[in-house]
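Order of the sequence lines fixes the chain letters, A, B, ..., with proteins taken first and strands second; residue numbering starts at 1 for each chain. Just the heavy atoms: all of them, side chains too, but no hydrogens, waters or symmetry mates, feed the values below.
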Number of protein chains: 2
Amino acid sequence: MATTTPTARQRQRDATRDRILEAAVEAFAEMGFRGASTREIARRAGTNQGLITYHFQSKDALWRAAADSIFERLGRQLTERLDALDLSDPRELAREGIRQYVRFAAAHPELFRIMVDEGRVADDRMKWLVDTHLRPRFEAIAPGLVEAAGVDEALLPHAFYALAGAASLMFAVAPECRRLTGLDPRSAQAVEAHADYVARLLAP
Amino acid sequence: MATTTPTARQRQRDATRDRILEAAVEAFAEMGFRGASTREIARRAGTNQGLITYHFQSKDALWRAAADSIFERLGRQLTERLDALDLSDPRELAREGIRQYVRFAAAHPELFRIMVDEGRVADDRMKWLVDTHLRPRFEAIAPGLVEAAGVDEALLPHAFYALAGAASLMFAVAPECRRLTGLDPRSAQAVEAHADYVARLLAP
DNA sequence: GTCTATAATTAGATAGAC
DNA sequence: GTCTATCTAATTATAGAC
């Protein structure tokens, strides 16, 4: 083969890179950008700090790769499942879209945590996150909120943040929720109950 | 005087302590417990790191004092304003209580930010926060949600976290919201619009 | 590719001058 | 009370062995 050999070494390399990326997603979501050290990320990935520099050039670049990974998952889950839905009742379509988003927030609390971590200060990471990932997502959701859920267009920002907050907070602070209320939000039953509650809230 | 003199020195001392505490509230809310350094907090307070150790014994104790301060403000705002309200229509009372909470979340995004920062991991700070401040607050709000807003008691945790998230997220990530939607959530108009939107959402 | 060693910064806590 | 200097530990980034 003229191009490259898809060797075992290549696969090993990719596997290492993936383990680092996965560990980074979890660590950044758990402790924030500053709180998560590259040493700790390497330890979780079962490797060493030097390899992070090798695969990703800097901590900042690693964080961007982690954000890419999270939003890629969100895009996949939202599009694939909604395509299979019946379009006859727009209000029910809106509700199912919201339920789907709640299920994603429950399975991936990283998204919300990183949004809250990075949205507070107008630094480079925030601007990059908005321009690269948040705006396309916002523009994809907006028509559904207006047409199917019946949100007044002037209230779109309010509906967007109310939805994101109502859908995600409980799962983002799952340990706290469990201690405070006794309910474990990670349970399948709690996820479905929350999905239905939020869907009826925003698209009654 | 036998006890103590309420001297200028004493007032100076308290003023310094207050400046440190206020700087700590802002820094912890902005950068999280790990991200906010005691040196940076001292710098914002216009003093030095040594005085933090003098007034508060450790960074951990300073953080607790900051949390105390935030929840004290919340308690004051929620009780004082609702006392003045007419009780005739319970549904309208619930809506006004929710509006009041949204206004607080807008004026003090620190509360939500610290909740999300500390609620992710079951460490000592999270347990202390739940047992000391969150549980009393939850138990004070619960009856209002059930009786006035008409929430099914089995859905209480869902309603609580949906309310907290819907009310607060937009203000907690105000810089991001502004860049994403063009709307500045700190404006008085946006605050009132959000208060009304969330109130109608949860107590229609 | 993977890993160890290390340089340059920065952290929280402490000691002591004034 | 307030502030400076310093100790120990942990941080990111880099250099280089294998």
Side-chain angles (χ1 to χ4, degrees), chain A residues 4-28 30-67 117-118 121 123-125, chain B residues 3-28 30-67 117-118 121 123-125 128:
Chain A
T4 44
T5 47
T7 53
R9 189 184 178 87
Q10 183 79 6
R11 284 200 306 278
Q12 174 66 19
R13 173 206 165 101
D14 291 350
T16 302
R17 208 192 116 100
D18 286 352
R19 284 204 326 277
I20 293 173
L21 188 59
E22 186 53 34
V25 168
E26 289 174 16
F28 284 135
E30 208 171 281
M31 306 182 276
F33 179 79
R34 295 203 207 195
S37 73
T38 53
R39 271 186 178 77
E40 169 67 10
I41 292 170
R43 196 194 59 74
R44 290 188 190 203
T47 175
N48 59 80
Q49 193 211 1
L51 267 188
I52 290 187
T53 312
Y54 174 77
H55 284 287
F56 308 86
Q57 278 59 28
S58 65
K59 186 182 182 180
D60 212 78
L62 175 61
W63 178 85
R64 282 174 164 76
D117 280 344
E118 304 299 333
V121 182
D123 58 8
D124 285 347
R125 285 198 304 279
Chain B
T3 51
T4 46
T5 44
T7 54
R9 188 182 178 86
Q10 182 79 5
R11 284 199 307 277
Q12 174 66 18
R13 172 205 164 100
D14 291 350
T16 301
R17 208 192 114 101
D18 285 352
R19 283 203 329 276
I20 293 174
L21 188 58
E22 187 53 35
V25 167
E26 288 174 17
F28 283 135
E30 208 170 280
M31 305 181 277
F33 179 79
R34 295 203 208 195
S37 72
T38 53
R39 273 185 177 77
E40 169 67 11
I41 292 171
R43 196 194 58 74
R44 290 189 189 202
T47 175
N48 59 80
Q49 193 211 2
L51 265 189
I52 290 187
T53 312
Y54 174 77
H55 283 287
F56 308 86
Q57 278 58 30
S58 65
K59 186 182 183 181
D60 211 79
L62 175 61
W63 179 85
R64 281 175 165 76
D117 280 345
E118 304 299 333
V121 182
D123 59 9
D124 285 348
R125 285 197 304 279
W128 176 88

Under 4.0 Å between any heavy atoms, over every strand shown, what does [X] touch: base, sugar-phosphate, or nothing? Just pick one.
{"X": "A:A15", "value": "nothing"}
{"X": "B:T53", "value": "base"}
{"X": "A:Q12", "value": "sugar-phosphate"}
{"X": "B:S37", "value": "sugar-phosphate"}

Quiz item: Taking only side-chain nitrogens and oxygens of B:S58, does any of them come within less than 4.0 Å of OP1 or OP2 of C:dG12?
Solution: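 For C:dG12, OP1/OP2 do not have a side-chain N/O of B:S58 under 4.0 Å.
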
If you check the [X] side chain, which of [options] turns out closest?
{"X": "A:N48", "options": "C:dT4, D:dG1, D:dA13", "answer": "C:dT4"}
{"X": "B:R39", "options": "D:dT2, C:dA11, C:dG1", "answer": "C:dA11"}
{"X": "B:K59", "options": "C:dT2, C:dA13, D:dA13", "answer": "C:dA13"}
{"X": "B:H55", "options": "D:dT2, C:dG1, C:dC3", "answer": "D:dT2"}

Atom-pair distance ([atom1] on [X]; [atom2] on [N]), nearest Å:
{"X": "A:D18", "N": "C:dG1", "atom1": "CG", "atom2": "P", "result": "14 Å"}
{"X": "A:F33", "N": "D:dT11", "atom1": "CZ", "atom2": "P", "result": "14 Å"}
{"X": "B:M31", "N": "C:dG12", "atom1": "CE", "atom2": "P", "result": "10 Å"}
{"X": "B:R19", "N": "D:dG1", "atom1": "CZ", "atom2": "C1'", "result": "12 Å"}
{"X": "B:I52", "N": "D:dT4", "atom1": "CD1", "atom2": "P", "result": "14 Å"}
{"X": "A:I41", "N": "D:dT11", "atom1": "CD1", "atom2": "P", "result": "11 Å"}
{"X": "B:L51", "N": "D:dT4", "atom1": "CG", "atom2": "C1'", "result": "11 Å"}
{"X": "A:Q49", "N": "C:dT4", "atom1": "CD", "atom2": "P", "result": "12 Å"}

Quiz item: Mapping A:G35 and A:Q57 onto DNA chain D by nearest heavy atom, which one lands closer to the 5' end?
Solution: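 Its nucleotide being nearer the 5' end, the pick is A:G35.
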
Quiz prompt | Toward the 5' end of DNA chain C, by each residue's nearest nucleotide, A:Y54 or B:R34 | solution =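 The 5'-side residue here is A:Y54.
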
Self-check item: CA sep, side-chain torsions, deciding dist, call: B:L62, B:H55, side chain to side chain contact (heavy atoms under 4.5 Å, CB included)
Solution: CA-CA 9 Å; B:L62 175 61; B:H55 283 287; over 6 Å; no

Exercise. Mind telling me whether A:F28 and A:F33 have parallel, tilted or perpendicular rings, with 30° and 60° as the class edges?
Key: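 Parallel: the ring planes of A:F33 and A:F28 meet at under 30°.
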
Quiz item: For A:R34 and B:R34, what are the C-alpha separation, side-chain angles and deciding distance, and is it a side chain to side chain contact (heavy atoms under 4.5 Å, CB included)?
Solution: CA-CA 7 Å; A:R34 295 203 207 195; B:R34 295 203 208 195; 5.9 Å; no

Practice problem: List the steps, then state whether side chain to side chain contact (heavy atoms under 4.5 Å, CB included) holds for B:I52 with B:K59. | Solution: CA-CA 8 Å; B:I52 290 187; B:K59 186 182 183 181; over 6 Å; no

Practice problem: Determine, for B:R43 against B:E40, whether the closest basic-nitrogen to carboxylate-oxygen distance falls under 4.0 angstrom. | Solution: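 Counted as a salt bridge, because a side-chain N and a carboxylate O are separated by less than 4.0 Å.
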
